[in-house]
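Quick caveat: nothing in here was measured; it's all calculated off a predicted structure. Note that these values count all heavy atoms, side chains included, but never hydrogens, waters or copies made by symmetry. If you read the sequence from its start, that first residue is 1, and numbering goes on from there.
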Amino acid sequence: MSLYPTMDHHAGGVSAHGMGTIYGTTILSVRKNNKVVMIGDGQMSLGNTIVKHKTRKVRRIRDVLVGVAGSTADAATLLERFEKLLDESNGQLVRATVGLAKLWRTDRSMARLQAVMCLSDHSTTLLFDGDGNVIEPDDGRLLAIGSGGSFALAAARALIDHSNLDAEQIAKQSMTIAADLCVYTNHNFVWESLASDANQNTSGAAASDAPLSL
């Protein structure tokens with residue numbers, strides 16, 4: 001069953017990596033105690049070669065956190081389309097993401113994009129996958145995408161219910177574990193957060209503040 005049109009539920013992370021396309025990405029969203037944190041690593045890989053160490057893959061658009069994995073041009077195109085729809089929907093995450101899914105099915109150029117997005121606002125976390133589907137995790141607290149997504153997700157699941165760490169600490173520790181295990185993920189993290197109290201919104205980076213490119 002789905003909550004929204006063109007929307008399905010799914011539990012778990014999504015992995016994306018392959019030869020000839022730049023992936024090498026791990027993005028993790030953690031929601032705990034009225035705060036959501038999204039974190040990404042800084043490594044860009046082309047096949048078996050590291051081509052960049054400090055890439056910014058996480059952004060805040062209005063009150064939505066966005067993490068993108070995919071080829072450089074496709075990720076930028078997908079982000080641009082989403083930002084336009086988010087403006088048109090007055091910042092409503094679900095409406096903008098479902099609109100993007102509908103556009104995916106009517107615009108042939110969209111169907112060829114090789115990119116996925118992790119999206120979180122104050123109340124909802126969504127995955128926009130590479131087939132134009134909008135997926136809400138069964139456990140809305142956690143979502144991970146990319147080559148190290150399964151490692152980050154497993155670590156976050158263990159920590160969120162069995163530690164006193166807050167959302168940001170869980171995100172950083174889980175990404176560290178993923179970076180230790182996944183050859184396509186490094187320790188140059190960039191993160192953004194949203195809290196019920198806007199004064200508690202935070203951001204941070206261990207990587208340079210470079211334009212988003214995957």
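The two residues Leu159 and Gln173 have their closest heavy-atom pair at CD1-CG, 3.8 Å. Nearest heavy atoms, Ser29 versus Met38: CB-CE, 4.1 Å. Of all the heavy atoms in Ile170 and Ile160, the pair that sits closest is CD1-CA, 3.7 Å. Residue Pro137 comes nearest to Leu143 through the heavy atom pair CG-CD1, 3.8 Å, listed as atom of the first residue, atom of the second, then distance. The minimum heavy-atom distance between Gly42 and Asn186, with the atom names listed, is N-OD1, 2.9 Å. The shortest non-hydrogen separation linking Asp41 to Gln43 is OD2-N, 3.0 Å.
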| request: Determine, stepwise, if the pair Leu100 / Met110 fulfils side-chain contact (heavy atoms from CB on, under 4.5 Å). | output: CA-CA 9 Å; Leu100 188 64; Met110 288 281 291; 3.6 Å; yes
| task | Show your reasoning for whether salt bridge (charged side-chain N to carboxylate O under 4.0 Å, His left out) applies to Asp139 and Arg157. | result | CA-CA 10 Å; Asp139 184 349; Arg157 282 183 172 175; 5.5 Å; no
| Check against side-chain contact (heavy atoms from CB on, under 4.5 Å), Lys32 and Asp166 | CA-CA 7 Å; Lys32 184 177 182 181; Asp166 61 24; 5.7 Å; no
| said: Working note: Phe128 + Phe82, criterion side-chain contact (heavy atoms from CB on, under 4.5 Å); need CA distance, chi angles, decisive distance, verdict. | reply: CA-CA 10 Å; Phe128 187 87; Phe82 172 76; over 6 Å; no
| side-chain contact (heavy atoms from CB on, under 4.5 Å) between Val36 and Leu194, worked out | CA-CA 5 Å; Val36 60; Leu194 290 172; 3.8 Å; yes
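A donor-acceptor contact shorter than 3.5 Å links the side chain of Thr106 to the backbone of Leu103. Side-chain atoms of Arg31 come within 3.5 Å of backbone N or O of His122 as a donor-acceptor pair. Panel note: side chain Arg56, backbone Val190; no donor-acceptor pair is recorded below 3.5 Å. Under a 3.5 Å cut-off, the side chain of Lys172 and the backbone N or O of Trp191 do not form any donor-acceptor pair. Arg95 places no side-chain N or O within 3.5 Å of a backbone atom of Glu88 that could act as its donor or acceptor partner. Counting only distance, with no hydrogens or angles, the side chain of Asp131 and the backbone of Asn133 share no donor-acceptor pair below 3.5 Å.
Inter-residue side-chain proximity for Arg62 and Asn90 is flagged as met; some heavy-atom pair is nearer than 4.5 Å. Side-chain contact between Arg81 and Leu113: absent, with no pair of heavy atoms (C-beta onward) separated by less than 4.5 Å. Looking at Val58 and Ile39, their side chains never come closer than 4.5 Å, going by heavy atoms from C-beta outward. Looking at Phe151 and Thr26, their side chains never come closer than 4.5 Å, going by heavy atoms from C-beta outward. Here the side chains of Asn48 and Tyr184 are in contact, with some heavy-atom distance below 4.5 Å. Looking at Leu153 and Leu142, their side chains come closer than 4.5 Å, going by heavy atoms from C-beta outward. Proximity of Met117 to Val68: side-chain heavy atoms (C-beta onward) are separated by under 4.5 Å at one or more points. With contacts defined as side-chain heavy-atom distances shorter than 4.5 Å, the pair Ile61/Leu79 qualifies.
Taken from NZ in Lys54 to CG in Asn188, the straight-line distance is 6.0 Å, to the nearest 0.5 Å. One finds the OG atom of Ser120 at 7.5 Å from the CG atom of Leu93 (value rounded to the nearest 0.5 Å).
When only modelled atom types and interatomic distance are considered, Asp180 and His187 share a side-chain donor-acceptor pair under 3.5 Å.
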